[in-house]
Amino acid sequence: MAAVTIRNLPEETHRALKLRAAKHGRSTEAEIREILEEATRPKDRLKIGSELAAFGRRHGGLDLEPRRDQTPAEPADFE
């Protein structure tokens, strides 16, 4: 897992982060992770798979009958 070091963080910012973390009942490090997660991956972001599934439902769906080719594969020739 990646690690990030933040240099030259103002003392008042660090203090505010510590207070915010305490308010949420977590460590300062966990609070910073949560802030970064919310900033980069908002809960209301568009999820393409979910959007495609919803599109299919809106338009009546699609019935597929997948059939696997049962023909045996030819062995590889490495010569």
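Source: prediction; values computed, not measured.
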So, using side-chain hydrogen bond (donor to acceptor under 3.5 Å, both in side chains) as the criterion, who are the partners of Thr40 when residues are at least two apart?
none
Checking His14 now: which residues fulfil side-chain hydrogen bond (donor to acceptor under 3.5 Å, both in side chains) with it, not counting sequence neighbours?
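Residues passing side-chain hydrogen bond (donor to acceptor under 3.5 Å, both in side chains) with His14: none at all.
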Exam field: side chain Arg45 to backbone Pro42, donor-acceptor pair closer than 3.5 Å:
yes
[atom1]/[X] to [atom2]/[Y] distance, rounded to the nearest 0.5 angstrom?
X     : Y     : atom1 : atom2 : value
Leu19 : Glu31 : CG    : CD    : 10.5 Å
Glu37 : Lys43 : CD    : NZ    : 7.5 Å
Glu34 : Ser27 : CD    : OG    : 11.5 Å

Give me each pair satisfying ring-ring contact (aromatic ring centres under 6.0 Å, His included) with a member in residues 37-79, each pair once, sequence neighbours excluded.
Phe55-His59
Does atom CD of Glu29 have more than 12 heavy-atom neighbours from other groups under 6.0 Å away?
no
How close do Arg20 and Ile35 get, counting heavy atoms only, and between which atoms?
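Between these two residues, the closest heavy atoms are NH2-CG1, 3.5 Å.
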Taking C-beta and beyond as the side chain, do Leu9 and Leu17 meet within less than 4.5 Å on heavy atoms?
yes
